[in-house]
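Notes for the one structure printed next.
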Amino acid sequence: MRGIEQTGHLKAPLNWINDPNGFIYYRGQYHLFYQYFPYAPSWGTMHWGHAVSPDLIHWEHEGIALFPTKLADRNGCFSGSAIERAGRLHLFYTGVRYLETDPENIHKHLNNRFESCQMELVSADGRHFDNLDAKRVIIPATTDPELGDATHTRDPKVWRGRDGYHLVLGTTVHREGRLLIYRSDDLGTWELAGTVERDGLGWMWECPDWFEVDGIGVLMASPMGLLDDGAAPTDMAICMLADFDEDTCRMALADSYQFFDYGLDLYAPQSALDAEGRRTVIAWLRMPAAVEAAEGTWRGMMSLPRVVEVAGGHIYFRIHPNVRAAYRLPVSPEQASARTGYHLAIELHEGESLDLGGYRIARAGGRIVADRSAVCPHNGKCRLTSETPEVREGDRLDIFVDANMVETYVNDGEYVLSHAVFGLEDRIDVHAAATPELHALG
């Protein structure tokens, strides 16, 4: 996988990827690690794959960064984050040890019996990772069921505060999601400093990420079991305003939340500051099937980067300027539909629609509605239709089409609706008064 180059969406080099991990701008490049199973296009013993980019558009896979070597992580290096200190790159992740292993597949546990702790590996340069001698446990598996769960406590996200460092974990108590907040002066010793609860938001909160945008706090998380409507998946990425008091480590959550993306395919978003100081987010696209390609079978890819802004109590996920700059080659509809990546911009009014090779987008009832029934397996692993809330800020759509992903930005991030797709046809049918503008990756 080392040396594989990709433009636009970062995809699995082969086999399986899921959550973005350790997203950071470090030493003049963007580093994105990701959950990786290198042996099959399905979930298994987690490693960290590693990709780098100068601009968030052109990616090169660097190989495996983390892999199981210790008793504490012998069954997987689960999700986590990265931070720079004194020029060195600190990777934080969840180490997993199975207490009962499936004898027919050693890459899976039985009866949900495994133990999770929090670990760190420090790299001197972000290129070399000593998995044998540079790992350590920083937070052991919890032994207090009233505090958290020994199995389901994971996904450390670390950030630097005013007077030290903070780390947030997702966990569960009595089948309700909870956050655990830790504090450290030096990234070496961590102490529990706070907890955050909210009833009715799933049974466990994966991949928490707290940050500020222009002084306004935002929490992203992925509650498991959030939706109970008979469709799959049920685990969803959400975001909400959240005030954090650094002195007391108390976090106050807003009463309401938004979905991170209204296609309900994206999961486990993780943020970082880009080279210009913009809060930028990338998320994992859950794919209901693998892709058979000439170079091999793969499953899993990442969204394009999005810039977070907050205005009027609403959280926006804007098109990253680097994305706009990359899609700069004017093309005709015939040229665009035959390419693997293009950007279509159009004003779409009530009652109008688009058909992008079988993927249908319409404006109906004041909402943007997407239907991928013709370009997605009907295997019960995905929702075939999705819609945004009522749109209030205009009619502009910016749609980024990849062979296996469509991202629709409504009014530059008022809402975003993204889907995994399979077998798009080479055609663009417009049922609207406006003429679309089309650009390909230049």
Side-chain angles (χ1 to χ4, degrees), residues 1-23 29-67 77 105 107 127 129 265-268 282-305 323 326-327 329 331 335-343 356-359 372 375-377 379 381-382 400-407 418-426 440-442:
M1 63 178 285
R2 184 182 296 274
I4 294 175
E5 296 181 357
Q6 297 172 339
T7 302
H9 293 98
L10 181 70
K11 303 176 177 68
L14 282 177
N15 298 309
W16 171 275
I17 69 171
N18 57 284
D19 306 359
N21 299 154
F23 183 29
Q29 283 197 307
Y30 295 96
H31 293 251
L32 183 67
F33 302 84
Y34 48 83
Q35 294 282 275
Y36 179 48
F37 185 56
Y39 308 125
S42 58
W43 190 94
T45 300
M46 284 294 103
H47 300 51
W48 276 30
H50 182 202
V52 297
S53 172
D55 57 5
L56 296 169
I57 300 297
H58 300 88
W59 293 96
E60 182 174 0
H61 289 275
E62 290 288 303
I64 294 173
L66 297 184
F67 56 91
C77 302
N105 184 348
H107 296 289
R127 298 284 184 170
F129 306 92
D265 273 359
L266 289 180
Y267 197 70
I282 290 178
W284 165 50
L285 179 75
R286 297 180 285 197
M287 302 180 72
V291 176
E292 302 286 345
E295 62 274 15
T297 305
W298 62 274
R299 186 173 178 182
M301 56 192 293
M302 302 296 173
S303 71
L304 294 171
V323 174
Y327 287 83
L329 180 65
V331 289
Q335 292 170 323
S337 64
R339 302 176 73 97
T340 57
Y342 66 89
H343 169 210
L356 308 179
Y359 183 81
R372 58 172 165 179
V375 289
C376 192
N379 58 10
K381 297 180 180 179
C382 64
F400 294 87
V401 180
D402 181 280
N404 291 105
M405 186 176 185
V406 179
E407 299 185 55
S418 305
H419 276 144
V421 293
F422 300 81
L424 289 177
E425 299 175 3
D426 292 341
L441 286 164

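Here the closest heavy-atom approach between residue Pro288 and residue Cys382 is recorded as CG-SG, 3.9 Å. Closest approach of Leu329 to Gly442, counting heavy atoms only: CB-CA, 4.1 Å. Looking at every heavy atom in both residues, Leu14 comes nearest to Gly296 through CD2-CA, 3.5 Å.
Residues Trp59 and Thr7 are not in side-chain contact: their nearest non-hydrogen atoms beyond the backbone lie 4.5 Å or more apart. Residues Ser303 and Leu285 fail the side-chain proximity criterion, which asks for heavy atoms closer than 4.5 Å. Between Phe422 and Pro377 the shortest side-chain heavy-atom distance falls below 4.5 Å.
Between Gln35 atom CD and Trp43 atom CH2 the span is 8.5 Å, to the nearest 0.5 Å. Put simply, CG on Leu56 and CG on Leu304 are 10.0 Å apart, with the number rounded to the nearest 0.5 Å. Rounded to the nearest 0.5 Å, atoms NE2 (His50) and CG (Asn21) are 11.5 Å apart. For the atom pair CG of Leu32 and CH2 of Trp48, the computed distance is 10.0 Å after rounding to the nearest 0.5 Å. Between the CG atom of Asp402 and the CG atom of Leu441 there is a distance of 9.0 Å, given to the nearest 0.5 Å.
Every residue two or more places apart in sequence or in another chain that forms a ring pair (Phe, Tyr, Trp, His ring centres under 6.0 Å) with Phe37 is listed here: Tyr39, His107. Partners of His343 according to the ring pair (Phe, Tyr, Trp, His ring centres under 6.0 Å) rule, which considers only residues two or more places apart in sequence or in another chain, are Phe400.
For Arg2 (side chain) and Gly63 (main-chain N/O), no donor-acceptor pair under 3.5 Å exists by modelled atom type. Side-chain atoms of Ser53 come within 3.5 Å of backbone N or O of His58 as a donor-acceptor pair. Between the side chain of Asn404 and the backbone N or O of Val421, at least one donor-acceptor pair lies under 3.5 Å. Judged by distance alone, the side chain of Glu60 and the main-chain N or O of Val52 form no donor-acceptor pair under 3.5 Å. Here the side chain of Arg299 pairs a donor or acceptor atom with the backbone of Met287 at under 3.5 angstrom. Not one N or O on the side chain of Glu425 forms a donor-acceptor pair closer than 3.5 Å with the backbone of Tyr359. A distance-only check finds no donor-acceptor pair linking the side chain of Asn18 to the backbone of Tyr34 [under 3.5 Å]. Under the 3.5 Å distance criterion, the side-chain polar atoms of His47 are matched with a main-chain donor or acceptor of Thr45.
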For a side chain to side chain contact (heavy atoms under 4.5 Å, CB included) check, start with the C-alpha distance between Leu424 and Leu356, then their side-chain angles and the critical distance, and finish with the verdict. CA-CA 7 Å; Leu424 289 177; Leu356 308 179; 5.6 Å; no
I'd like to know whether Met405 forms a side chain to side chain contact (heavy atoms under 4.5 Å, CB included) with Lys11, so could you lay out the CA-CA distance, the side-chain angles of the two residues, the decisive distance to 0.1 Å, and finally the verdict. CA-CA 11 Å; Met405 186 176 185; Lys11 303 176 177 68; over 6 Å; no
Apply side chain to side chain contact (heavy atoms under 4.5 Å, CB included) to residues Glu295 and Ile4 and explain how you reach the verdict. CA-CA 11 Å; Glu295 62 274 15; Ile4 294 175; over 6 Å; no
Does the side-chain hydrogen bond (donor to acceptor under 3.5 Å, both in side chains) test come out yes or no for Glu407 and His9, once each step is laid out? CA-CA 11 Å; Glu407 299 185 55; His9 293 98; 2.6 Å; yes
Candidate pair Trp284 and Asp19, rule side-chain hydrogen bond (donor to acceptor under 3.5 Å, both in side chains), full reasoning: CA-CA 5 Å; Trp284 165 50; Asp19 306 359; over 6 Å; no
Kindly indicate, with the supporting measurements, whether the criterion side chain to side chain contact (heavy atoms under 4.5 Å, CB included) is fulfilled by Tyr36 and Trp16. CA-CA 6 Å; Tyr36 179 48; Trp16 171 275; 5.9 Å; no
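Ion pairing of Arg372 with Asp265 is present here, as a side-chain N (NZ or NE/NH1/NH2) and a carboxylate O approach within less than 4.0 Å.
Using the six-membered ring where Trp is involved, Phe33 and His31 have ring planes that are parallel, under 30° apart on the 30 and 60° scheme.
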